[in-house]
Amino acid sequence: MTGTQTLLTVALQRESDVVAARQRARELAGLLRFEPVEQTRIATAVSELARNAFLYAGGGLVSFSVEPEQREPALWVVVSDRGPGIANLKAVLSGTYQSSTGMGLGIIGAKRLMDAFQVDSRPGEGTTVRMAKMLPRGAASPDVPDIAAKLARHAPPSPLTEVEQQNRELLQTLSELKRRQEELSWLNRELTATNRGVVALYAELDDRAERLKRADEVKSRFLSYMSHEFRTPLISSQSLCRLLLEEDAGPLTEEQVKQVRLIQKSQQELLELVNDLLDLAKVEAGKTVLRPSAFRVADLFATMRGMFRAVVPGGRVLLRIDDSEELPEMFTDEQRLGQILRNLLSNALKFTERGEVRLWAEPVGGGARVAFYVQDSGIGIPVDEQERIFEEFSQVESAIQKRSKGTGLGLPLSRRLAALLGGGITVRSAPGEGSTFRVEVPARLGSGAAEVEVAAPAARPRDRKVLVIDDDEASRYLVNHALQGTRFQVLEAPDARVGIERACAERPDVIVLDLVMPGIDGMAAMEQLKRDHRTREIPVVIYTSGVLSSEQESQLGRHAALILRKGGSREELTDSIASLAGESGRSGERP
Amino acid sequence: MKLGEFLLVSIQVDMHDKLALALQQDLTDRIAATGARGVLMDISALEVVDSFIGRMLANTAAMSRVLDATTVVVGMRPAVAITLVELGLSLNGVRTALDVERGMQLLRAAVRQPWEEPDGDTPV
């Protein structure tokens, strides 16, 4: 059909679409300038057919078109569906049909309302109803595009449509939300799984750590046990060798003596190794007992000198041990410190073919700590090996290394011992340029460790009392230590107030008084002591590390029996106290 | 809306079929609940009354009669009336009036003479 212009189509999907179709039909009829009665007729006819399509075919399509080019232009309405078709079309059209639902007026009614009416219905294929209404005569030819635009503008007229649209959007949002939620829960599941994995890994790590710790403990126990078990037979075989050499059981031939001496030498080496192992095991097990004592570095160095004199292969290597008179007295475990230095020196000598090995010491931090240096001109240690040498049983690969014997225990043991003394060992070295080992330890072992050694048994009755008034625990300890093995019993007071109380109560033979103390200082304490009749006669030794002005000295001199510098020798202190108390010097050697 | 012993129903929107049935159901329920003697249905807002809506109106009138209430439909547009007749629907049993005022008079009269047969005339 030429010139047919479709104005509008309405899909019939819901019941409300039937209402929409008839409203649109009326609107369109109005725009095409039909009379109000005609508008109602067209709308009613559309309503009837649309309802039929919706009710009997479950949906369909209504389309409106005009044919302005025709001689008698008309509005055509086509209602089509894909339903089962109309079974008794003839009966319906003739008006004789009576629907079981009381209906049946729809098609025939619509036919009556319109000018042209055609029904095409095929069973199983659907029904198409075409009907037309002549456009009003005399009216101007309709402006089709304008009408279409107006219709489009008035489009979704019903609030229901709005609500449905919103409903659809809501449903869409809902399904989107559901999808998101699924995504999230999936993510959550994955995270949970990962988390489980991490937790499992942690547990495994913990387990590993625990096993390592146990293995380490077992190793230490094993070392300790083995060393003990080794030592006993070693020592007895050593004694047997000695017996053999003493020729108690009969003379040995020269060759036999040589052999036994070789056995003895091997035994000695083995014993040293076992001792090192034992020490290491003890340190690791935390069983090492420190025995701090006051000593001078010079004395320690003298011992070293004597010890290594025999060992140094004369000629090519020179061992130099510096004097260290200027160093303060140390209070720490002399034996352990000596062990460290011995290890370092013998190492240095071992790895130095020619040149010099030097040992010296210097105060660090105003004398609070002391650093010992062992320097050699030996083969040196590459930087990447410098940490490894402190590991047990590790040695740097070298030609000398292959020649010299060693267990690789010396350095690790030394480092552990140094740590035990509150210090540490560092090394500075480069291959071919020699090495410098630096041991830094506190000059005074911490007070906690100092308690390790309680009191050596008193050699004789301690019937004389010395009161030490000093806020510094180490100082009190030193005096106490110095007077061990003498007749003096040491009373201690951590400040002047307690000191004066104890002096009044216990009437000591001698009072050792520090000058610089918190609260009442030494000077004021002295005044108080001299005022009180109970303490007036007790000789007071001023024991101070400070430097006194001549004015202070003269002021003190009025009351003090003696002024001693801290850091002086042990004998000086004990002799002074003894003489003041009316004793004749030290009454015995220290045990 | 209840007005004395009458129910006043004003249909303001173009109803789809289910809505029309729901109205019918609702109205009969209210008649039973309130014991109203008359129902006034204002359809002046309806531009299209097709066979379904027309039948609904007729059925509602028949139902309320059974429930002892008289129904008067008022405010029908002329075009609607013409179309209804052309459709072949004469709204038998439905009393009609031009406007609400006349409708109320009709109702009052009907309540006074309850057994009078409705004439079904449509004063256009």
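Letters A, B, ... are given to chains in the order of the sequence lines, protein chains preceding strands, and every chain is numbered from 1.
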So which bits of residues 37-44 of chain A come within less than 4.5 Å of chain B, counting non-hydrogen atoms only?
->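 Counting heavy atoms that sit under 4.5 Å from chain B, the residues of residues 37-44 of chain A involved are A/Val37, A/Thr40, A/Arg41, A/Ala43, A/Thr44.
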When B/Val48, B/Leu19, B/Leu84, B/Ile53 are compared by non-hydrogen pairs under 4.5 Å with chain A, the top option |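 Of the options given, most contacts go to B/Val48.
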For chain A, which of B/Met15, B/Arg77, B/Glu47 has the most heavy-atom pairs under 4.5 Å?
->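 Going by pairs under 4.5 Å, I would pick B/Glu47.
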Side-chain ([X]) to main-chain ([Y]) donor-acceptor, under 3.5 angstrom:
X: A/Asn188; Y: A/Leu184; result: no
X: B/Asn59; Y: B/Ala62; result: no
X: A/Gln118; Y: A/Val129; result: no

Listed partners of A/Arg196 passing salt bridge (Lys or Arg N to Asp or Glu O under 4.0 Å), at least two apart = none
With sequence neighbours left out, write down each residue that passes side-chain contact (heavy atoms from CB on, under 4.5 Å) with B/Asp99, or none if nothing qualifies.
->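 With neighbours one apart ignored, the set is B/Glu101, B/Arg102.
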side-chain contact (heavy atoms from CB on, under 4.5 Å) partners for A/Glu176, two or more places apart =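 side-chain contact (heavy atoms from CB on, under 4.5 Å) check on A/Glu176 returns A/Arg179, A/Arg180.
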Would you indicate whether A/Arg82, at its atom CZ, is surrounded by more than 12 heavy atoms from other residues, nucleotides or ligands within a distance under 6.0 Å?
-> no
